[in-house]
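Read through the structure below, which is laid out as structure tokens, and then see the notes.
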Amino acid sequence: MELKLEKFKKLDYPIKAIIILFLGYFFIPGALKISIHSVIFRYEDIFFSIGILFILFYTYKKLNNDQKKLFLISNSIIIFTYFLNLLYFYLIGNLYNDYLILSFINGYIYLFSLLNLFLLVFFFNNKTELFLDIIYYTGIFLVLEFLIFIFLSDSFIVLQKIYNNSVFDFNSKKYILFRSVFIGDHITTSLWSMVSLLAGIVKIKKKYSDYLVFFLLIIIIFFNIEARLNIGNALFCFTIMFLIKFFKIKLNLKVLGSLVLFYFFITIIICLFLYYFYPLLINLNSFTDRIVLNIFNLDTYFKLPISLGFDNLKFFYIENQYPIFKDLIYFMNLDGNGVGTISSLGSDLYFKVWNAITSPHNILITYLTTMGLWFFLFLHFFNRFSDQNFKHKQILLLILFNIIIFSFWNQIWRIDLLFILIISLIMNEGLNCEKK
Amino acid sequence: MKKNNFKLIFILYVLFFYLISISTNKQYILSSSYKTVCGVAISTVDQYIQLIPNDTWIVTGEDGIIKINTVFNKKKPEIIKLKKIKNRRLANNIFKYKNFDHAQKECTSLNNHIPIKPLLLLVDQTLIDNGEKNHIKYFIFFLNLLLIIFSVKQLEKINLSKLSR
């Protein structure tokens with residue numbers, strides 16, 4: 001521990017501050033939020049944005065000319081992106097909407113934080129292993145919380161109140177869910193545990209206690225049995241990781257892309273197989289609902305394929321009065337509720353029922369619609385660095401793979417920060433390796 | 001690298017342009033809203049998706065109202081007339097489908113207590129011309145392209161090796 005603290009003290013200023021910010025973000029409970037005109041502002045996001053702003057304020061002078069140029073251009077791009085979207089809504093006469101304006105402000109602040117987190121880590125990171133350690137330590141806290149949840153949550157009133165939504169009723173069966181207080185959502189809790197587990201596995205000197213933590217992290221991953229897709233995803237990820245290790249496959253963006261594509265096809269094939277051959281074995285409603293929603297998302301996006309800003313695609317649903325992928329939507333509905341869901345998104349019915357509009361249930365679609373064509377340019381850029389051979393390449397790409405798989409058919413909150421951090425670490429390491 | 005960037009932008013923009021042009025090629029929508037009175041509501045779209053013909057989409061609204069949207073690209077009276085018939089026919093089919101298996105619900109009018117049989121009501125019918133909106137979309141689309149080209153040109157001036165320390 002002392003050694004770690006020594007390492008921490010030697011870190012450059014912005015990285016030290018980012019690690020503190022990351023921990024602060026983790027420890028602020030996800031449930032703390034305020035709602036203004038139905039737009040949810042989370043305290044952790046506000047904390048993180050203010051933190052990033054302060055770091056930028058003190059770091060800007062330290063940037064060299066090229067870094068300053070990249071900082072200014074990329075920030076101008078997101079400002080212009082939001083301006084362009086506001087212009088569109090102004091021109092079609094739909095700008096006078098508090099929910100839309102506040103969502104835009106919220107989204108801009110979030111995207112600003114993510115972009116500048118990416119830039120700061122990309123510019124200044126010199127200790128990737130420390131970031132991995134920090135991610136692993138958050139996993140230790142999750143394990144401690146899990147033990148408290150299992151053994152003490154019924155004994156104390158405070159804990160009963162904290163974990164009051166840990167039972168989930170579905171088809172008259174009761175499932176226990178572990179939603180970490182720090183994270184707030186059970187699927188994100190499982191994913192965070194998976195990422196912590198991977199970050200911990202690369203530790204050089206492991207103690208017995210580490211193996212116990214690994215074991216408990218695996219328990220957390222599989223604990224939320226209600227989320228069957230989550231369990232399937234975890235099994236898929238473990239199998240792929242085992243195969244990668246066994247066949248000594250070297251990862252890069254192309255391999256990662258192929259694996260994600262394989263996952264996509266395998267899930268669709270399994271879904272169709274179950275529907276046509278074993279229709280009573282498993283209820284596919286929720287899954288097909290998400291598939292249909294994602295087709296509808298792409299359909300809506302193709303009606304105006306530009307950078308829309310963070311999670312702003314939802315404002316275009318109401319514009320989509322006739323999907324071009326209608327036949328595909330019908331085909332993938334598979335007697336589920338998907339068509340009904342997206343049919344209600346074409347009017348304000350969905351918002352009136354749920355007091356919110358749903359978003360893409362796929363992290364790649366979220367970032368595609370957020371960045372537009374920049375998404376592909378970025379991938380092109382990322383590909384160059386993922387081909388380099390740097391020290392933590394394999395584990396960072398595996399973490400990225402896990403995040404993508406877990407959020408391929410799910411909308412996962414609170415994972416963007418981790419997602420962007422990992423991407424930035426890969427690019428930073430890749431660039432440093434290229435320079436050498 | 002520089003050439004690759006612009007090649008990629010060109011290919012993707014042609015693809016995106018193709019998609020946006022497909023999405024906007026039928027600029028008119030005949031939108032007819034229906035609701036049921038004294039019968040089984042015709043919302044919950046999933047149950048009758050097999051009835052919905054080509055060029056037609058259904059949007060569920062409040063109070064059991066459904067909006068049947070039919071798209072077309074030429075604003076001719078005979079086409080509009082045909083589309084109106086198409087919408088009405090679909091609404092009738094849905095109405096029959098939803099009320100087929102159920103015992104006929106009957107309700108009485110409040111004033112004179114006369115029993116009323118299930119009815120399908122046309123609540124609203126509008127012809128939407130998306131021409132202007134489509135022009136706005138193309139305008140925004142090309143403005144975005146200009147931004148990308150300008151930004152990429154600026155980004156290419158950056159010396160990559162100086163970005164990380």
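Just so we're on the same page: letters track the sequence lines, and every chain starts at 1. Just so it is clear, the values below take in all heavy atoms, side chains as well, and ignore hydrogens, waters and symmetry mates.
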Checklist line | Pairwise distance CG(A:Leu72) to CD(B:Gln154) - rounded to 0.5 angstrom | finding: 11.0 Å
Checklist line | Atom NZ of A:Lys68 with >12 non-hydrogen neighbours under 6.0 angstrom | finding: yes
Note to self: If we count only N and O atoms by modelled type, under 3.5 Å, do the side chains of A:Ser343 and B:Thr60 hold a donor and an acceptor together?
What the structure shows: yes
Next item on the list: Please check if atom NZ in B:Lys162 has more than 12 non-hydrogen atoms from other residues, nucleotides or ligands closer than 6.0 Å.
Entry: no
Note to self: Return the CG to OG distance between A:Asn320 and B:Ser23, rounded to the nearest 0.5 Å.
What the structure shows: 8.0 Å
Next item on the list: Return yes if some donor-acceptor pair links the side-chain N/O of B:Asn144 with the main-chain N/O of A:Leu84 below 3.5 Å, else return no.
Entry: no
Notebook entry, point to check: What distance separates A:Asp66 CG from B:Leu155 CG, expressed to the nearest 0.5 Å?
Noted result: 11.0 Å
Check: Could you give the distance from CG (B:Leu147) to CZ (A:Phe80), rounded to the nearest 0.5 Å?
Finding: 5.0 Å
Note to self: Would you say that A:Asp335 contacts B:Asp46 through its side chain, given a criterion of any heavy-atom pair below 4.5 Å between the two side chains?
What the structure shows: no
Check: Top residue by heavy-atom pair count (under 4.5 Å) with chain B, among A:Asn337, A:Ile92, A:Thr81?
Finding: A:Asn337
Next item on the list: Side chain from CB out, backbone as N, CA, C, O: work out which of these in B:Asp55 comes under 4.5 Å of a heavy atom of chain A, or both, or neither.
Entry: both
Next item on the list: Could you have a look at B:Thr56, B:Thr24, B:Asn54, B:Ile65 and say which one has the most heavy-atom pairs with chain A under 4.5 angstrom?
Entry: B:Thr56
Margin query: A quick test of your reading: do over 12 heavy atoms of other residues, nucleotides or ligands sit less than 6.0 Å from CG of B:Asn159?
Written below: yes
Next item on the list: Keeping the roles fixed (side chain from B:Asn69, backbone from A:Tyr322), state whether a donor-acceptor pair exists under 3.5 Å.
Entry: no
Check: So which part of B:Lys26 gets closer than 4.5 Å to some heavy atom of chain A, the side chain, the backbone, both or neither?
Finding: neither
Next item on the list: Find out whether B:Phe139 and A:Leu87 are in side-chain contact, i.e. whether some heavy atom of one side chain is under 4.5 Å from a heavy atom of the other.
Entry: yes
Check: Tell me, side chain or backbone of A:Ser307 under 4.5 Å from chain B's heavy atoms, or both, or neither?
Finding: both
Margin query: With a 4.5 angstrom heavy-atom cut-off, is it the side chain or the backbone of A:Lys69 that approaches chain B, or both, or neither?
Written below: both
Checklist line | Evaluation steps, side chain to side chain contact (heavy atoms under 4.5 Å, CB included), between A:Trp374 and B:Ser151 | finding: CA-CA 10 Å; A:Trp374 291 109; B:Ser151 308; 3.5 Å; yes
Margin query: Can you tell me which portion of B:Ile29 sits under 4.5 Å from chain A's heavy atoms? Options are side chain, backbone, both or neither.
Written below: side chain
Next item on the list: State whether the number of non-hydrogen atoms from other residues, nucleotides or ligands found under 6.0 Å of B:Phe150 atom CZ is greater than 12.
Entry: no
Next item on the list: Name the member of B:Ile158, B:Val45, B:Leu143 that forms the most heavy-atom pairs with chain A at distances under 4.5 Å.
Entry: B:Ile158
Checklist line | Heavy-atom side-chain proximity of B:Ile52 to A:Lys326 below 4.5 angstrom | finding: yes
Checklist line | From A:Lys303 atom NZ to B:Ile22 atom CD1, the distance as rounded to the nearest 0.5 Å | finding: 10.5 Å
Notebook entry, point to check: Non-hydrogen atoms of chain A under 4.5 Å away: do they reach the side chain of B:Phe17, the backbone, both or neither?
Noted result: neither
Next item on the list: Answer yes or no: does atom CD of B:Glu132 have more than 12 heavy-atom neighbours from other residues, nucleotides or ligands under 6.0 Å?
Entry: no
Next item on the list: Could you look at B:Ile9 and say if it's the side chain, the backbone, both or neither that has a heavy atom under 4.5 Å from chain A?
Entry: both
Checklist line | From CG (B:Leu15) to CZ (A:Phe302), nearest 0.5 Å | finding: 7.0 Å
Notebook entry, point to check: Should we count OH of B:Tyr18 as having more than 12 external heavy atoms under 6.0 Å?
Noted result: no
Check: Heavy-atom distance under 4.5 Å between the side chains of A:Met427 and B:Leu163, does that happen here?
Finding: no
Notebook entry, point to check: In terms of heavy-atom proximity below 4.5 Å to chain B, should A:Leu377 be classed as side chain, backbone, both, or neither?
Noted result: both
